[in-house]
Visitor: 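Provided herewith is a single structure, encoded as structure tokens, for subsequent inquiry.
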Amino acid sequence: MAELERSGVPVRVITQNVDGLHQRAGMPSRKVLELHGTARSVVCTKCHARGPMEDALARVEAGEDDPPCLECGGILKSATVMFGERLDPVVLGEAVAITKACQVFIAVGTSLQVQPAAGLAGVAADHGARLIIVNAEPTPYDDRADEVVRQPIGTALPALLGRLSAESKEN
Ligand SMILES: [Zn+2]
């Protein structure tokens with residue numbers, strides 16, 4: 001994905017991962033929407049101040065059992081969305097806007113069963129995007145897809161992105 005982005009194709013990543021691997025692979029952070037937040041940051045449950053996870057872990061290593069928020073003394077947790085918690089409406093809103101505007105929407109490695117993230121595939125199709133689903137198992141959106149790829153992601157995705165990149169250069 002990062003390579004495709006560097007080649008000049010406008011790419012946005014909407015991810016449910018919290019590990020920051022897209023950014024480490026070279027995707028610019030501003031182009032990665034983390035629907036489930038990030039484990040690379042901590043957030044205060046009381047005043048919502050944020051900070052690097054690294055700093056909080058360094059404080060644990062230095063002997064603090066449960067390092068409190070430096071702003072208000074509240075409890076820090078990883079800045080991830082827990083099961084049953086609502087997604088950040090700002091991030092979700094941005095994801096919907098990008099989905100409505102995109103030409104190609106590729107859903108990779110997701111069963112597309114958990115709303116509201118799964119619904120983005122439907123939003124993409126509703127707004128005229130070419131919908132491509134890459135997943136080992138069938139998904140509820142397969143019948144709306146222009147293309148369904150069942151091969152392993154590690155080999156299927158590079159091939160698919162190479163093909164899309166070549167197509168974008170022809171146009
Ligand atoms: Zn706080």
Side-chain angles (χ1 to χ4, degrees), residues 1-6 8-127 129 131 133-137 139-141 153-154 157 161:
M1 298 299 300
E3 209 174 287
L4 187 64
E5 145 70 23
R6 273 195 297 271
V9 175
V11 175
R12 296 292 182 277
V13 172
I14 301 169
T15 184
Q16 295 173 283
N17 296 349
V18 298
D19 52 21
L21 288 181
H22 289 290
Q23 295 89 324
R24 275 178 59 194
M27 272 304 292
S29 287
R30 67 180 189 286
K31 298 189 173 176
V32 180
L33 286 171
E34 296 173 308
L35 290 179
H36 290 177
T38 174
R40 297 184 305 160
S41 301
V42 292
V43 62
C44 172
T45 52
K46 200 164 151 197
C47 77
H48 307 293
R50 293 172 72 99
M53 174 65 82
E54 231 181 311
D55 293 359
L57 292 177
R59 287 169 65 194
V60 173
E61 218 143 275
E64 286 180 65
D65 270 354
D66 191 5
C69 172
L70 293 173
E71 306 289 330
C72 76
I75 296 167
L76 295 180
K77 70 181 256 311
S78 83
T80 50
V81 178
M82 302 299 168
F83 192 78
E85 261 185 324
R86 272 193 327 141
L87 302 188
D88 181 330
V90 175
V91 178
L92 184 60
E94 255 180 87
V96 170
I98 287 167
T99 302
K100 285 180 178 172
C102 74
Q103 290 175 288
V104 181
F105 186 98
I106 313 174
V108 183
T110 163
S111 59
L112 296 175
Q113 309 236 358
V114 181
Q115 299 296 347
L120 293 172
V123 171
D126 287 345
H127 287 79
L131 176 61
I133 295 175
V134 184
N135 197 51
E137 306 293 329
T139 82
Y141 291 89
I153 293 164
L157 193 59
L161 296 181

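In listed order, ligands and their atoms are each counted from 1. Because only heavy atoms are used, hydrogens play no part in the values below, and waters and symmetry mates are left out as well, while side chains stay in. If you read the sequence from its start, that first residue is 1, and numbering goes on from there.
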Visitor: Do any pairs count as a salt bridge (Lys or Arg N to Asp or Glu O under 4.0 Å) and have a residue in residues 27-38, sequence neighbours left out, and if so which ones?
Guide: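 Salt bridge (Lys or Arg N to Asp or Glu O under 4.0 Å) check on residues 27-38 returns Glu5-Lys31.
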Visitor: Quick one: side chain to side chain donor-acceptor pair (under 3.5 Å) partners of Asp126, sequence neighbours excluded?
Guide: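 Side chain to side chain donor-acceptor pair (under 3.5 Å) check on Asp126 returns Arg144.
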Visitor: How far does OG1 of Thr110 sit from CD1 of Ile14, to the nearest 0.5 angstrom?
Guide: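 One finds 12.0 Å between OG1 of Thr110 and CD1 of Ile14.
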Visitor: Which protein N, O or S atoms lie under 2.8 Å from the Zn ion (ligand 1)?
Guide: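 Near the Zn ion (ligand 1), the protein supplies Cys44 SG, Cys47 SG, Cys69 SG, Cys72 SG.
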Visitor: Does any part of the side chain of Lys77, heavy atoms only, come nearer than 4.5 Å to the side chain of Ile75, both counted from C-beta?
Guide: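 Heavy-atom side-chain distance check fails, nothing below 4.5 Å.
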Visitor: Under the side chain to side chain donor-acceptor pair (under 3.5 Å) rule, collect the residues that match up with Thr99, sequence neighbours excluded.
Guide: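 Per chain and number, Thr99 pairs via side chain to side chain donor-acceptor pair (under 3.5 Å) with no residue.
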Visitor: Do you know the tightest heavy-atom contact between Ala129 and Cys102?
Guide: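 For Ala129 and Cys102, the tightest heavy-atom pair comes out as CB-O, 3.5 Å.
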